[in-house]
Amino acid sequence: MSAARIVVVGTGYVGLTTGACLASLGHRVTCADVDESKVARLAAGRVDIMEPGLAELVARGLTSGNLSFVVGAREAVRDADGVFLCVPTPMGAGGAADLRAVEQVVAEIADVLPSGCALITKSTVPVGTARRIQELTGRPDLPVVSNPEFLREGTAVSDFLGPDRIVVGSDTPGAADWVANLYADLGAPAVVTDAASAELVKYAANCFLAMKLSYVNAIAELCERLGADIEPVTLGMGYDRRIGRSFLRPGPGWGGSCLPKDTSALLRIAESVRFDFELLDAAVEENIAQRDRVIAKIAGAVGGRLAGARIGLLGLAFKAGTNDLRDSPALSIASVLCAHGAEVTAYDPAVQGELPGMLVVDNAYQVAKGADVVVVLTEWSDFTRLDWAYMAELMHGDAVVDTRNLLEPRVVLDAGLSWQGIGRPRAGARVTSVS
Ligand code: UGA
(Lines give C-alpha, C1' and ligand atoms only; values in the text may rest on other atoms or scores of the structure.)
Protein backbone atom coordinates (compact mmCIF):
# COMPACT_ATOMS: atom_id res chain seq x y z
CA MET A 1 0.00 0.00 0.00
CA SER A 2 1.19 3.55 -0.59
CA ALA A 3 2.05 5.63 2.46
CA ALA A 4 -0.99 6.95 4.29
CA ARG A 5 -1.25 10.17 6.29
CA ILE A 6 -2.06 9.05 9.80
CA VAL A 7 -2.77 10.95 13.00
CA VAL A 8 -2.55 9.10 16.32
CA VAL A 9 -4.32 10.83 19.19
CA GLY A 10 -2.88 9.94 22.61
CA THR A 11 0.76 9.02 23.25
CA GLY A 12 0.43 6.42 26.01
CA TYR A 13 2.04 3.04 25.44
CA VAL A 14 -0.61 2.04 22.87
CA GLY A 15 -0.62 5.35 20.98
CA LEU A 16 3.12 5.84 20.93
CA THR A 17 3.77 2.24 19.89
CA THR A 18 1.11 2.52 17.16
CA GLY A 19 2.54 5.80 15.88
CA ALA A 20 6.18 4.75 15.91
CA CYS A 21 5.45 1.35 14.35
CA LEU A 22 3.18 2.73 11.61
CA ALA A 23 5.91 5.28 10.81
CA SER A 24 8.42 2.42 10.57
CA LEU A 25 6.09 0.78 8.02
CA GLY A 26 6.48 3.88 5.85
CA HIS A 27 3.34 5.83 6.76
CA ARG A 28 3.51 9.53 7.58
CA VAL A 29 2.44 9.75 11.19
CA THR A 30 1.66 12.67 13.44
CA CYS A 31 1.14 11.86 17.13
CA ALA A 32 -0.99 14.34 19.04
CA ASP A 33 -1.30 14.72 22.79
CA VAL A 34 -2.70 17.36 25.14
CA ASP A 35 0.32 17.18 27.43
CA GLU A 36 2.66 19.91 26.15
CA SER A 37 5.74 18.84 28.08
CA LYS A 38 5.32 15.22 26.99
CA VAL A 39 5.06 16.32 23.36
CA ALA A 40 8.22 18.41 23.75
CA ARG A 41 10.09 15.45 25.24
CA LEU A 42 8.91 13.08 22.52
CA ALA A 43 9.78 15.56 19.78
CA ALA A 44 13.30 15.58 21.24
CA GLY A 45 13.33 11.76 21.10
CA ARG A 46 12.85 11.23 24.84
CA VAL A 47 10.57 8.28 25.64
CA ASP A 48 9.46 7.93 29.27
CA ILE A 49 7.68 4.59 28.87
CA MET A 50 9.70 1.45 29.58
CA GLU A 51 9.10 -0.43 26.34
CA PRO A 52 11.97 -2.25 24.61
CA GLY A 53 12.73 -0.94 21.12
CA LEU A 54 10.31 1.98 21.33
CA ALA A 55 12.83 4.78 21.89
CA GLU A 56 14.88 3.50 18.92
CA LEU A 57 11.82 3.46 16.66
CA VAL A 58 10.82 6.96 17.75
CA ALA A 59 14.34 8.21 17.02
CA ARG A 60 14.30 6.56 13.61
CA GLY A 61 10.88 8.03 12.80
CA LEU A 62 12.00 11.53 13.80
CA THR A 63 15.15 11.25 11.67
CA SER A 64 13.31 9.91 8.62
CA GLY A 65 10.66 12.60 8.95
CA ASN A 66 7.87 9.98 9.01
CA LEU A 67 7.06 10.71 12.64
CA SER A 68 6.23 14.00 14.32
CA PHE A 69 4.58 15.15 17.54
CA VAL A 70 2.11 17.98 18.08
CA VAL A 71 0.06 19.44 20.90
CA GLY A 72 -3.67 19.01 20.26
CA ALA A 73 -5.24 17.06 17.42
CA ARG A 74 -7.42 19.65 15.67
CA GLU A 75 -4.83 21.13 13.31
CA ALA A 76 -3.06 17.84 12.66
CA VAL A 77 -6.13 15.98 11.38
CA ARG A 78 -7.09 18.43 8.62
CA ASP A 79 -5.42 16.43 5.86
CA ALA A 80 -5.40 12.96 7.46
CA ASP A 81 -6.43 9.75 5.69
CA GLY A 82 -7.01 8.06 9.04
CA VAL A 83 -7.10 9.05 12.73
CA PHE A 84 -6.32 6.47 15.42
CA LEU A 85 -7.99 7.15 18.77
CA CYS A 86 -5.57 5.90 21.44
CA VAL A 87 -6.73 7.84 24.48
CA PRO A 88 -7.35 6.13 27.83
CA THR A 89 -10.62 4.32 28.50
CA PRO A 90 -10.24 3.71 32.25
CA MET A 91 -12.67 1.89 34.48
CA GLY A 92 -15.44 4.34 35.27
CA ALA A 93 -18.07 4.38 37.99
CA GLY A 94 -19.74 0.98 38.29
CA GLY A 95 -16.97 -0.81 36.38
CA ALA A 96 -17.94 0.21 32.84
CA ALA A 97 -15.35 1.78 30.50
CA ASP A 98 -15.20 5.56 30.79
CA LEU A 99 -15.42 6.92 27.25
CA ARG A 100 -15.12 10.61 28.04
CA ALA A 101 -11.64 11.01 26.57
CA VAL A 102 -12.70 9.34 23.30
CA GLU A 103 -15.83 11.48 23.07
CA GLN A 104 -13.87 14.64 23.82
CA VAL A 105 -11.42 13.98 20.98
CA VAL A 106 -14.24 13.19 18.55
CA ALA A 107 -16.02 16.43 19.51
CA GLU A 108 -12.75 18.36 19.07
CA ILE A 109 -11.97 17.12 15.55
CA ALA A 110 -15.26 16.03 13.92
CA ASP A 111 -15.92 19.22 11.98
CA VAL A 112 -12.42 19.58 10.51
CA LEU A 113 -11.84 16.00 9.34
CA PRO A 114 -11.63 15.72 5.55
CA SER A 115 -14.44 13.74 3.96
CA GLY A 116 -13.67 10.01 3.83
CA CYS A 117 -11.12 10.15 6.66
CA ALA A 118 -11.37 6.98 8.78
CA LEU A 119 -11.86 7.37 12.53
CA ILE A 120 -10.24 4.31 14.05
CA THR A 121 -10.64 3.15 17.65
CA LYS A 122 -7.57 1.42 19.09
CA SER A 123 -8.44 2.00 22.71
CA THR A 124 -10.56 -0.81 24.15
CA VAL A 125 -14.13 0.44 23.85
CA PRO A 126 -17.51 -1.11 24.64
CA VAL A 127 -19.41 -2.84 21.88
CA GLY A 128 -21.49 -0.21 20.11
CA THR A 129 -18.91 2.58 20.43
CA ALA A 130 -18.28 2.78 16.67
CA ARG A 131 -21.98 3.43 16.15
CA ARG A 132 -21.95 6.01 18.95
CA ILE A 133 -18.93 7.80 17.44
CA GLN A 134 -20.68 7.86 14.06
CA GLU A 135 -23.66 9.59 15.70
CA LEU A 136 -21.42 12.00 17.60
CA THR A 137 -19.67 13.17 14.44
CA GLY A 138 -23.00 13.74 12.73
CA ARG A 139 -21.11 13.00 9.52
CA PRO A 140 -22.00 9.92 7.48
CA ASP A 141 -19.02 10.67 5.20
CA LEU A 142 -16.57 9.63 7.95
CA PRO A 143 -16.16 5.85 8.23
CA VAL A 144 -15.66 4.61 11.78
CA VAL A 145 -13.45 1.54 12.20
CA SER A 146 -12.66 -0.61 15.20
CA ASN A 147 -9.07 -1.90 15.18
CA PRO A 148 -8.32 -3.26 18.66
CA GLU A 149 -4.74 -3.68 19.80
CA PHE A 150 -3.28 -6.83 21.33
CA LEU A 151 -0.07 -5.34 22.68
CA ARG A 152 1.42 -6.57 25.92
CA GLU A 153 3.33 -4.10 28.01
CA GLY A 154 7.02 -4.90 27.83
CA THR A 155 6.75 -6.47 24.36
CA ALA A 156 4.49 -3.91 22.68
CA VAL A 157 6.82 -3.16 19.75
CA SER A 158 7.45 -6.80 18.85
CA ASP A 159 3.74 -7.58 19.35
CA PHE A 160 2.87 -4.75 16.93
CA LEU A 161 5.40 -5.70 14.28
CA GLY A 162 4.89 -9.47 14.60
CA PRO A 163 1.18 -9.81 15.39
CA ASP A 164 -0.73 -13.09 15.61
CA ARG A 165 -3.54 -11.34 13.76
CA ILE A 166 -4.98 -7.99 12.78
CA VAL A 167 -8.63 -7.38 13.66
CA VAL A 168 -10.58 -4.63 11.90
CA GLY A 169 -14.29 -3.99 11.77
CA SER A 170 -16.51 -1.36 10.26
CA ASP A 171 -20.07 -0.95 9.09
CA THR A 172 -18.90 1.22 6.17
CA PRO A 173 -18.04 -0.95 3.16
CA GLY A 174 -14.34 -0.87 2.27
CA ALA A 175 -13.22 1.08 5.35
CA ALA A 176 -12.04 -1.96 7.35
CA ASP A 177 -10.09 -3.27 4.33
CA TRP A 178 -8.36 0.09 3.99
CA VAL A 179 -7.23 -0.03 7.64
CA ALA A 180 -6.19 -3.71 7.35
CA ASN A 181 -4.04 -2.67 4.39
CA LEU A 182 -2.03 -0.28 6.55
CA TYR A 183 -0.53 -3.43 8.09
CA ALA A 184 -0.14 -5.37 4.82
CA ASP A 185 3.66 -5.48 5.08
CA LEU A 186 3.42 -7.42 8.35
CA GLY A 187 1.94 -10.44 6.56
CA ALA A 188 -0.37 -11.29 9.47
CA PRO A 189 -3.81 -12.87 9.00
CA ALA A 190 -6.49 -10.17 9.03
CA VAL A 191 -9.97 -10.69 10.44
CA VAL A 192 -12.12 -8.14 8.62
CA THR A 193 -15.61 -7.85 10.04
CA ASP A 194 -18.34 -5.52 11.28
CA ALA A 195 -17.64 -2.92 13.98
CA ALA A 196 -19.44 -4.64 16.89
CA SER A 197 -17.68 -7.97 16.30
CA ALA A 198 -14.25 -6.33 16.17
CA GLU A 199 -15.01 -4.45 19.39
CA LEU A 200 -16.06 -7.69 21.07
CA VAL A 201 -12.95 -9.62 19.94
CA LYS A 202 -10.80 -7.48 22.23
CA TYR A 203 -12.88 -8.14 25.35
CA ALA A 204 -13.40 -11.78 24.46
CA ALA A 205 -9.62 -12.30 24.11
CA ASN A 206 -8.54 -10.45 27.27
CA CYS A 207 -11.29 -12.02 29.37
CA PHE A 208 -10.41 -15.48 28.07
CA LEU A 209 -6.81 -14.90 29.17
CA ALA A 210 -8.04 -13.78 32.61
CA MET A 211 -10.23 -16.89 32.91
CA LYS A 212 -7.33 -19.09 31.85
CA LEU A 213 -5.16 -17.60 34.60
CA SER A 214 -7.85 -17.90 37.26
CA TYR A 215 -8.31 -21.52 36.23
CA VAL A 216 -4.59 -22.19 36.53
CA ASN A 217 -4.44 -20.51 39.93
CA ALA A 218 -7.37 -22.64 41.10
CA ILE A 219 -5.67 -25.80 39.78
CA ALA A 220 -2.51 -24.73 41.65
CA GLU A 221 -4.54 -24.49 44.85
CA LEU A 222 -5.90 -27.98 44.17
CA CYS A 223 -2.33 -29.20 43.66
CA GLU A 224 -1.41 -27.96 47.13
CA ARG A 225 -4.39 -29.63 48.73
CA LEU A 226 -3.95 -32.90 46.83
CA GLY A 227 -0.17 -33.14 47.01
CA ALA A 228 0.36 -32.65 43.26
CA ASP A 229 2.80 -30.27 41.52
CA ILE A 230 1.49 -27.53 39.21
CA GLU A 231 4.65 -27.57 37.04
CA PRO A 232 4.16 -31.01 35.48
CA VAL A 233 0.39 -30.47 35.54
CA THR A 234 0.60 -27.33 33.35
CA LEU A 235 3.33 -28.90 31.23
CA GLY A 236 1.06 -31.86 30.58
CA MET A 237 -1.87 -29.56 29.78
CA GLY A 238 0.15 -27.22 27.58
CA TYR A 239 1.28 -29.84 25.10
CA ASP A 240 -2.34 -30.12 24.05
CA ARG A 241 -2.44 -27.66 21.16
CA ARG A 242 -6.06 -26.84 21.93
CA ILE A 243 -4.94 -25.49 25.31
CA GLY A 244 -1.55 -24.04 24.38
CA ARG A 245 1.50 -23.58 26.56
CA SER A 246 1.40 -19.88 27.30
CA PHE A 247 -0.54 -18.16 30.07
CA LEU A 248 -0.32 -21.21 32.29
CA ARG A 249 1.95 -19.79 35.00
CA PRO A 250 0.27 -19.47 38.39
CA GLY A 251 0.96 -16.28 40.31
CA PRO A 252 -0.29 -13.85 42.91
CA GLY A 253 -3.29 -13.05 40.69
CA TRP A 254 -3.56 -11.24 37.38
CA GLY A 255 -3.38 -7.46 37.20
CA GLY A 256 -2.18 -4.57 35.08
CA SER A 257 -3.93 -1.83 33.21
CA CYS A 258 -5.97 -4.14 30.97
CA LEU A 259 -7.23 -7.47 32.32
CA PRO A 260 -8.92 -6.11 35.49
CA LYS A 261 -10.50 -3.20 33.59
CA ASP A 262 -11.64 -5.31 30.65
CA THR A 263 -13.13 -8.13 32.75
CA SER A 264 -15.07 -5.56 34.71
CA ALA A 265 -16.20 -3.77 31.54
CA LEU A 266 -17.36 -6.98 29.84
CA LEU A 267 -19.37 -7.89 32.94
CA ARG A 268 -21.10 -4.50 32.69
CA ILE A 269 -21.63 -4.97 28.95
CA ALA A 270 -23.23 -8.39 29.60
CA GLU A 271 -25.38 -6.88 32.33
CA SER A 272 -26.59 -4.20 29.93
CA VAL A 273 -28.12 -6.91 27.73
CA ARG A 274 -29.37 -8.86 30.79
CA PHE A 275 -26.86 -11.69 30.43
CA ASP A 276 -25.59 -13.13 33.68
CA PHE A 277 -21.95 -13.90 32.78
CA GLU A 278 -21.33 -16.15 35.79
CA LEU A 279 -18.26 -17.76 34.28
CA LEU A 280 -16.42 -14.46 33.99
CA ASP A 281 -17.69 -13.27 37.35
CA ALA A 282 -16.24 -16.41 38.94
CA ALA A 283 -12.85 -15.73 37.30
CA VAL A 284 -12.79 -12.26 38.89
CA GLU A 285 -13.77 -13.68 42.29
CA GLU A 286 -11.11 -16.37 41.97
CA ASN A 287 -8.54 -13.64 41.35
CA ILE A 288 -9.44 -11.99 44.65
CA ALA A 289 -9.33 -15.39 46.38
CA GLN A 290 -5.86 -15.99 44.94
CA ARG A 291 -4.58 -12.75 46.43
CA ASP A 292 -6.08 -13.69 49.78
CA ARG A 293 -4.48 -17.15 49.64
CA VAL A 294 -1.08 -15.51 49.03
CA ILE A 295 -1.62 -13.24 52.04
CA ALA A 296 -2.58 -16.27 54.16
CA LYS A 297 0.58 -18.02 53.00
CA ILE A 298 2.72 -15.03 53.99
CA ALA A 299 0.93 -14.83 57.35
CA GLY A 300 1.55 -18.56 57.85
CA ALA A 301 5.24 -18.03 57.18
CA VAL A 302 5.46 -15.55 60.08
CA GLY A 303 3.57 -17.69 62.55
CA GLY A 304 0.14 -16.29 61.76
CA ARG A 305 0.82 -12.78 63.08
CA LEU A 306 1.28 -10.06 60.48
CA ALA A 307 1.30 -7.19 63.01
CA GLY A 308 4.92 -6.26 63.59
CA ALA A 309 6.22 -8.89 61.14
CA ARG A 310 9.09 -7.70 58.95
CA ILE A 311 8.27 -8.58 55.38
CA GLY A 312 10.58 -8.07 52.43
CA LEU A 313 8.97 -7.90 48.99
CA LEU A 314 10.82 -8.64 45.76
CA GLY A 315 8.86 -7.00 42.94
CA LEU A 316 6.12 -4.39 42.80
CA ALA A 317 5.26 -4.11 39.08
CA PHE A 318 2.28 -6.16 37.87
CA LYS A 319 4.63 -8.30 35.80
CA ALA A 320 8.31 -8.31 34.87
CA GLY A 321 9.53 -6.10 32.04
CA THR A 322 7.46 -3.08 33.02
CA ASN A 323 7.46 -0.36 35.67
CA ASP A 324 3.67 -0.19 35.57
CA LEU A 325 2.04 -0.40 38.98
CA ARG A 326 -1.55 -0.07 37.80
CA ASP A 327 -3.70 -2.76 39.43
CA SER A 328 -0.56 -4.60 40.42
CA PRO A 329 -1.29 -7.68 42.57
CA ALA A 330 2.03 -6.99 44.33
CA LEU A 331 0.86 -3.54 45.43
CA SER A 332 -2.50 -4.82 46.51
CA ILE A 333 -0.85 -7.55 48.61
CA ALA A 334 1.60 -5.01 50.06
CA SER A 335 -1.20 -2.69 51.10
CA VAL A 336 -3.08 -5.48 52.89
CA LEU A 337 0.12 -6.47 54.72
CA CYS A 338 0.67 -2.85 55.75
CA ALA A 339 -2.94 -2.53 56.86
CA HIS A 340 -2.39 -5.53 59.17
CA GLY A 341 0.54 -3.75 60.81
CA ALA A 342 3.41 -5.51 59.02
CA GLU A 343 6.65 -3.59 58.42
CA VAL A 344 7.03 -3.83 54.67
CA THR A 345 10.22 -3.19 52.70
CA ALA A 346 10.11 -3.59 48.93
CA TYR A 347 12.45 -3.61 45.97
CA ASP A 348 11.65 -3.63 42.26
CA PRO A 349 14.36 -3.09 39.64
CA ALA A 350 12.04 -0.81 37.64
CA VAL A 351 10.34 1.12 40.43
CA GLN A 352 11.78 3.99 42.45
CA GLY A 353 10.29 6.59 44.73
CA GLU A 354 7.93 6.50 47.64
CA LEU A 355 4.88 4.34 48.09
CA PRO A 356 2.40 4.66 50.93
CA GLY A 357 2.96 2.52 54.02
CA MET A 358 6.17 0.80 52.91
CA LEU A 359 9.84 1.49 52.49
CA VAL A 360 11.00 1.21 48.87
CA VAL A 361 14.72 0.40 48.75
CA ASP A 362 17.14 0.31 45.86
CA ASN A 363 18.51 -3.19 46.04
CA ALA A 364 17.27 -6.68 46.82
CA TYR A 365 19.67 -7.31 49.70
CA GLN A 366 18.22 -4.37 51.62
CA VAL A 367 14.87 -6.13 51.45
CA ALA A 368 16.36 -9.18 53.16
CA LYS A 369 17.93 -7.20 56.03
CA GLY A 370 16.16 -8.29 59.22
CA ALA A 371 13.21 -9.77 57.29
CA ASP A 372 11.13 -12.55 58.81
CA VAL A 373 10.00 -13.56 55.35
CA VAL A 374 11.01 -12.61 51.80
CA VAL A 375 8.23 -12.75 49.20
CA VAL A 376 8.77 -12.84 45.42
CA LEU A 377 5.85 -11.02 43.82
CA THR A 378 7.11 -10.12 40.31
CA GLU A 379 8.98 -12.54 38.08
CA TRP A 380 12.11 -10.43 37.42
CA SER A 381 14.89 -12.78 36.32
CA ASP A 382 17.32 -10.64 38.40
CA PHE A 383 15.95 -12.36 41.51
CA THR A 384 17.15 -15.76 40.30
CA ARG A 385 20.70 -14.40 40.26
CA LEU A 386 20.71 -13.21 43.87
CA ASP A 387 23.19 -14.72 46.30
CA TRP A 388 20.68 -16.63 48.43
CA ALA A 389 23.30 -17.66 50.98
CA TYR A 390 23.94 -13.95 51.57
CA MET A 391 20.19 -13.27 51.63
CA ALA A 392 19.90 -15.93 54.36
CA GLU A 393 22.66 -14.26 56.39
CA LEU A 394 20.86 -10.92 56.20
CA MET A 395 17.43 -12.27 57.10
CA HIS A 396 16.10 -12.62 60.62
CA GLY A 397 13.72 -15.45 59.73
CA ASP A 398 14.15 -18.22 57.20
CA ALA A 399 11.00 -18.19 55.06
CA VAL A 400 10.83 -17.47 51.33
CA VAL A 401 7.41 -17.31 49.64
CA ASP A 402 7.77 -17.41 45.88
CA THR A 403 4.42 -16.44 44.33
CA ARG A 404 5.81 -16.73 40.78
CA ASN A 405 7.54 -20.12 41.17
CA LEU A 406 10.54 -18.20 39.89
CA LEU A 407 13.42 -19.39 42.06
CA GLU A 408 15.16 -22.71 41.88
CA PRO A 409 13.90 -24.19 45.20
CA ARG A 410 17.09 -26.23 45.68
CA VAL A 411 19.20 -23.03 45.69
CA VAL A 412 17.02 -21.47 48.38
CA LEU A 413 16.90 -24.66 50.45
CA ASP A 414 20.68 -25.08 50.19
CA ALA A 415 21.04 -21.57 51.61
CA GLY A 416 19.32 -22.83 54.75
CA LEU A 417 16.01 -21.16 54.00
CA SER A 418 12.56 -22.66 53.56
CA TRP A 419 10.78 -22.24 50.22
CA GLN A 420 7.09 -22.21 49.32
CA GLY A 421 5.78 -21.65 45.84
CA ILE A 422 2.28 -21.70 44.39
CA GLY A 423 0.86 -25.15 43.75
CA ARG A 424 4.22 -26.80 44.36
CA PRO A 425 5.53 -29.22 46.98
CA ARG A 426 7.41 -27.34 49.71
CA ALA A 427 10.63 -29.18 49.13
CA GLY A 428 10.64 -27.97 45.54
CA ALA A 429 10.67 -29.83 42.31
CA ARG A 430 9.36 -33.25 41.58
CA VAL A 431 11.41 -34.88 38.85
CA THR A 432 9.72 -33.93 35.60
CA SER A 433 11.08 -35.47 32.47
CA VAL A 434 9.96 -34.84 28.94
CA SER A 435 11.11 -37.26 26.31
C1 UGA B 1 -2.84 -7.80 28.17
C2 UGA B 1 -2.97 -8.79 27.01
O3 UGA B 1 -2.09 -9.91 27.21
C4 UGA B 1 -2.65 -8.13 25.67
O5 UGA B 1 -2.87 -9.04 24.60
C6 UGA B 1 -3.56 -6.90 25.52
O7 UGA B 1 -3.32 -6.22 24.30
C8 UGA B 1 -3.33 -5.96 26.67
O9 UGA B 1 -3.63 -6.65 27.91
C10 UGA B 1 -4.26 -4.78 26.49
O11 UGA B 1 -5.47 -4.96 26.57
O12 UGA B 1 -3.78 -3.69 26.15
P13 UGA B 1 -0.78 -6.82 29.60
O14 UGA B 1 -1.76 -6.07 30.40
O15 UGA B 1 0.45 -6.12 29.13
O16 UGA B 1 -1.45 -7.44 28.25
O17 UGA B 1 -0.33 -8.04 30.51
P18 UGA B 1 -0.24 -9.63 30.35
O19 UGA B 1 1.07 -10.02 29.83
O20 UGA B 1 -1.44 -10.15 29.67
O21 UGA B 1 -0.31 -10.05 31.90
C22 UGA B 1 -1.50 -9.79 32.65
C23 UGA B 1 -1.38 -10.36 34.05
O24 UGA B 1 -1.38 -11.78 34.01
C25 UGA B 1 -0.10 -9.95 34.78
O26 UGA B 1 -0.42 -9.65 36.11
C27 UGA B 1 0.77 -11.20 34.68
O28 UGA B 1 1.71 -11.32 35.71
C29 UGA B 1 -0.29 -12.29 34.76
N30 UGA B 1 0.15 -13.59 34.18
C31 UGA B 1 0.38 -13.70 32.84
C32 UGA B 1 0.28 -14.70 35.00
O33 UGA B 1 0.04 -14.61 36.23
N34 UGA B 1 0.65 -15.90 34.45
C35 UGA B 1 0.88 -16.04 33.12
O36 UGA B 1 1.20 -17.17 32.68
C37 UGA B 1 0.75 -14.91 32.29
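Nothing here was measured: the structure is a model prediction, and the numbers come from that model. We're numbering straight along the sequence, starting at 1. First listed ligand is number 1; within each ligand, the first listed atom is number 1.
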> With Glu153, which of Thr322, Thr17, Asn323 fulfils side-chain hydrogen bond (donor to acceptor under 3.5 Å, both in side chains)?
Replying inline: Thr322
> With sequence neighbours excluded, what pairs up with Arg152 under the salt bridge (charged side-chain N to carboxylate O under 4.0 Å, His left out) test?
Replying inline: Asp159
> For Asp292, which residues count as a salt bridge (charged side-chain N to carboxylate O under 4.0 Å, His left out) partner, sequence neighbours excluded?
Replying inline: none
> Of Lys122, Arg165, Lys202, which meets salt bridge (Lys or Arg N to Asp or Glu O under 4.0 Å) against Glu149?
Replying inline: Lys202
> Please, which pairs that meet salt bridge (Lys or Arg N to Asp or Glu O under 4.0 Å) have at least one residue in residues 217-226, sequence neighbours excluded?
Replying inline: Glu221-Arg225, Glu221-Arg293, Glu224-Lys297
>> Heavy-atom contacts with ligand 1 below 4.0 Å: which residues, ordered by chain and residue number?
In response: Tyr13, Glu149, Phe150, Leu151, Arg152, Glu153, Lys202, Asn206, Leu209, Leu213, Phe247, Leu248, Arg249, Trp254, Gly255, Cys258, Leu259, Asp262, Phe318, Lys319, Arg404
>> Tell me if the aromatic rings of Tyr215 and Phe247 count as close, with their centers under 6.0 Å from one another.
In response: no
